[in-house]
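Report on the following structure.
Below, all heavy atoms of this structure are taken into account, side chains as well, without hydrogens, waters or symmetry copies. Keep in mind it's a predicted model, so treat the numbers as computed, not measured. Each chain gets a letter, A, B and so on, in the order its sequence line appears, and its residues count up from 1.
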Protein chains: 4
Amino acid sequence: MCYAHPVTTATSAPLASRRSERSRLAILDAALALCAEQGYANLSVEAVAARAGVGKQTIYRWWPSKGAVLLDALVRESAPHAPIPDTGDVVADLGTIVLSVIELFTHPDFGPHLAALIGDAQRDPALAPALLEHFIRPRRAPIAERLQRAQRLGQLPASLDVDAVLEVIFGALYHRLLLRNGPLDPAYASFVVNIVLSGCSATQTKRRSRRRLEADP
Amino acid sequence: MCYAHPVTTATSAPLASRRSERSRLAILDAALALCAEQGYANLSVEAVAARAGVGKQTIYRWWPSKGAVLLDALVRESAPHAPIPDTGDVVADLGTIVLSVIELFTHPDFGPHLAALIGDAQRDPALAPALLEHFIRPRRAPIAERLQRAQRLGQLPASLDVDAVLEVIFGALYHRLLLRNGPLDPAYASFVVNIVLSGCSATQTKRRSRRRLEADP
Amino acid sequence: MCYAHPVTTATSAPLASRRSERSRLAILDAALALCAEQGYANLSVEAVAARAGVGKQTIYRWWPSKGAVLLDALVRESAPHAPIPDTGDVVADLGTIVLSVIELFTHPDFGPHLAALIGDAQRDPALAPALLEHFIRPRRAPIAERLQRAQRLGQLPASLDVDAVLEVIFGALYHRLLLRNGPLDPAYASFVVNIVLSGCSATQTKRRSRRRLEADP
Amino acid sequence: MCYAHPVTTATSAPLASRRSERSRLAILDAALALCAEQGYANLSVEAVAARAGVGKQTIYRWWPSKGAVLLDALVRESAPHAPIPDTGDVVADLGTIVLSVIELFTHPDFGPHLAALIGDAQRDPALAPALLEHFIRPRRAPIAERLQRAQRLGQLPASLDVDAVLEVIFGALYHRLLLRNGPLDPAYASFVVNIVLSGCSATQTKRRSRRRLEADP
DNA sequence: AGTTAAACGAGACGGTACGTCAGGTCTTACA
DNA sequence: TGTAAGACCTGACGTACCGTCTCGTTTAACT
């Protein structure tokens, strides 16, 4: 379950690691609890170990940093998310999805921790890739598929880079999550979805100016 | 000049603060130099004080944190930026602006520090507002004005919230700056500008779906 | 009044120092007050200056250390002590004197401060001589005279070094003041006076063993 | 070996503390060395830690203050003292003992440190009891026994409080150690021993005046 | 069932930096 | 010019955690 060490994922490991599941869960729980109580900034490996009734070494053995622990915990916590809707209306479906995202982002036990994790990734070089691989990409992939389905149905230009589109949409959400210059509310969500998906449809006719820009130094 | 303490800004202060300009500059220079050499993560008030030949107390007297010091230094450093272009073509002009922004973001002595500052703002509650007020808003304001000029000329819908538009555009840039899932290059810049400004123009006709989303729970 | 700087002591200064008497008294009062409230350990030049409404420099200008300030203050405070009794009975008179000394030593606003001052003298080389000259010797001198009067009357051996005798007596008192291994009470006072003055009278007959000791390596 | 923490003293500790003997000795050595070089006043936990190649926490873990460290070091250093002499002549023996004490007190690597420790005990309430228990009482006890032996032989009054007698003798020595108003030399040593022990023998006949004093207010 | 090797809890260790306190010096403005 | 005020550099404080390193003690697979 831990992303950073080459540990087989529990299932069907012939020479099973002697890792204690009890400790693993206690650590993840302690990390979440402490984070909820005092915030990520005041989280420390020391405190997690104490709270989990675990030696510090046991944490360092399986995770490279406190950020890695919390990432694991958040992934576990937020894993069972709703299925991607497909009503046929791609704008409406994206709106629904983004609404559920801002719900997650504004949850006091999730948004601040995710923000702190991204923050910590600025000083821990290993954390950004881990975040991408274990949190962001797995959740973005099915949304990208939904957009690709729309492409196949001709609802969106086939040439569109859907990953980049999602980056623009989520960029707008993360911007408010991290900078806090405005509320992460449904109005903002629909504004972002509308403007970006409108732009997707209209982008074909704007190709020339795009090329001009690319030629610019 | 310091954003965080109630120091009169030079103008018309009869009982001028006895603050030492020499120390102030030495501290800002030391912060920048150390940050460039070892990165923000390894920056410490202790080291800045030592490098600047200054007592720690002198730093704590005028800034609340190392982040505040670096913010001041970055603002000073990046202050004299190019004027906002106005060729009449709002898409091209935005493209030019965003290009200069990614130039700044990809500069090794700026982008990582800005990213680290935003990161630090996740654990230092005072830093985010300071970043907004002293770095982001002053630089965003003239760009918003450029968009408003385009609105007045009918090049963009009058009802458009230009600040929100800029949040989407810059959100996309910050997303790559902070998560590093792709290069901050001219291609990405033009993609973002085109898709968002296209969406701005087309947004009028999409109003209905937006309203529908807002009505959604 | 200050012992440590070459300031004329008020008397007969032709071109009197422009020193502010108001500040001087405020400083001494503040030192005593702070000492009484929080103890000598927590006394600081900084705090005295603040309490006295005085610049730190004004203190450093006229006293070399916080100990010097407090010494001045204590000397001023404890100056008007009772006259030396002379009933003809030297043992009884010394007893009376020592009783008044332990009264002073056990006074919560004096004993601890004097002890702290002697303590501080162990790290401030200038303080020990100052203590001797301004506090100890002036108070010991009239007692020595009382003993000398007894010598002249034949109540004590003429060869006796009365200053050394007083050192033994006061040494015993200071021992309890500083080490606190027993109460500074009248019983101890009388024990000390009796044993030492008895020893003084008997010392004549013990001369031989003393000489033997002195010859020892 | 440390007086201030409840560490079992080696004997019969089944689950022995994991305390590092290497660090302990390095700390005591460093404290002594620094004290010898720069004096107790300039001694700091910081410097001891650096000199000993030890983390500051390791010092704070086992000692409550720098004074406690030095006390431990001095006790270790001065532990193997000469046996108490018993020639039958109590005055001569006490003289011998006191001579060895002033030898210790006048040693440049001991006297000043002991004085400083007593000085520090005036502001550190925990230090005075520690000094008594770990330095003064253990060294005074066998001397008191010597006096009690003399009492049993009728050389000294049986009613004499020998601890108090030693307080008077040592008080006289500490007085010179701390106030420095005269040399701690053999002449002073023999003067003190003679006068006090003479007083002991003569004290019987002086009982009346003592009682009179005690009745005094 | 006994052996053995890992993972475990506990926590001491050498360090780094924190943010605070006070020391003693220096500068400025007022009286 | 002496003061009140207070900024300045210095250095130590005691604390919090870091990440590493023993210690014995489970604990579970493999003799």
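Look at CD on B/Glu21: it is 17 Å from P on E/dT27, rounded to the nearest Å. For the pair C/Ile27 CD1 and F/dA5 C1', the computed distance is 14 Å after rounding to whole Å. One atom, CG of A/Leu25, and another, P of E/dC8, lie 12 Å apart when rounded to the nearest Å. Rounded to a whole Å, the CZ atom of A/Arg18 is 17 Å from the P atom of E/dT3. Remark: P of F/dA12 and CG of D/Asp120 are 15 Å apart, rounded to the nearest angstrom. Atom CD1 in B/Ile59 sits roughly 16 Å away from atom P in F/dG11 (whole-Å rounding). Distance A/Leu34 CG to F/dC17 C1': 14 Å, rounded to the nearest Å.
When each of B/Arg22 and D/Lys66 is assigned the nucleotide of DNA chain F bearing its nearest heavy atom, the one mapping closer to the 5' terminus is B/Arg22. When the nearest nucleotides of DNA chain E are assigned to D/Gly55 and A/Gly55 by heavy-atom distance, the more 5′-ward of the two goes with A/Gly55. Nearer the 5' end of DNA chain F, as judged by each residue's closest nucleotide, is the contact made by C/Ala50, out of C/Ala50 and A/Ala47.
Taking 4.5 Å as the limit, some side-chain heavy atom of A/Arg76 sits within range of a side-chain heavy atom of A/Leu25. You'll find the side chain of A/Leu70 reaches within 4.5 Å of the side chain of A/Leu32, heavy atoms only. Contact annotation: the side chain of D/Arg180 approaches that of C/Gln122 to within less than 4.5 Å [non-hydrogen atoms, C-beta and beyond].
Donor-acceptor pairing under 3.5 Å, judged by distance alone, is absent between the side chain of A/Arg19 and the base of E/dA6.
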Pick out the pairs of N or O atoms, protein on one side and nucleotides 20-22 of chain E on the other, that lie under 3.5 Å.
from   : atom 1 : to      : atom 2 : distance (Å)
E/dC21 : N4     : B/Gln57 : NE2    : 3.1

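Counting all heavy atoms, side chain and backbone alike, D/Val48 lies closest to D/Leu43 at CG2-CD1, 3.7 Å. The shortest non-hydrogen separation linking D/Ser23 to D/Ser20 is N-OG, 3.0 Å.
In this structure, B/Thr58 does not reach the F/dA7 phosphate: none of its side-chain N or O atoms is under 4.0 Å from OP1 or OP2. Distances shown here put a side-chain N or O of A/Ser23 below 4.0 Å from the OP1 or OP2 atom of E/dG9. Between A/Trp62 and E/dC8 there is a side-chain N or O to OP1 or OP2 distance below 4.0 Å. Residue A/Arg61 has no polar side-chain atom (N or O) positioned under 4.0 Å from OP1 or OP2 of E/dA7.
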Can I get a per-line list of side-chain donor-acceptor pairs under 3.5 Å for residues 113-121 of chain B, giving both atom names and the distance, sequence neighbours left out?
from     : atom 1 : to       : atom 2 : distance (Å)
B/His113 : ND1    : B/Asp109 : O      : 3.2
B/His113 : NE2    : B/Cys35  : O      : 3.3
B/Asp120 : OD1    : B/Arg123 : NE     : 2.8
B/Asp120 : OD1    : B/Arg123 : NH2    : 3.1
B/Asp120 : OD2    : B/Tyr40  : OH     : 2.3

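A cation-pi arrangement is absent between A/Arg24 and A/Trp62, since the terminal nitrogen or guanidinium carbon is not both under 6.0 Å from the aromatic centre and inside a 45° cone about the axis.
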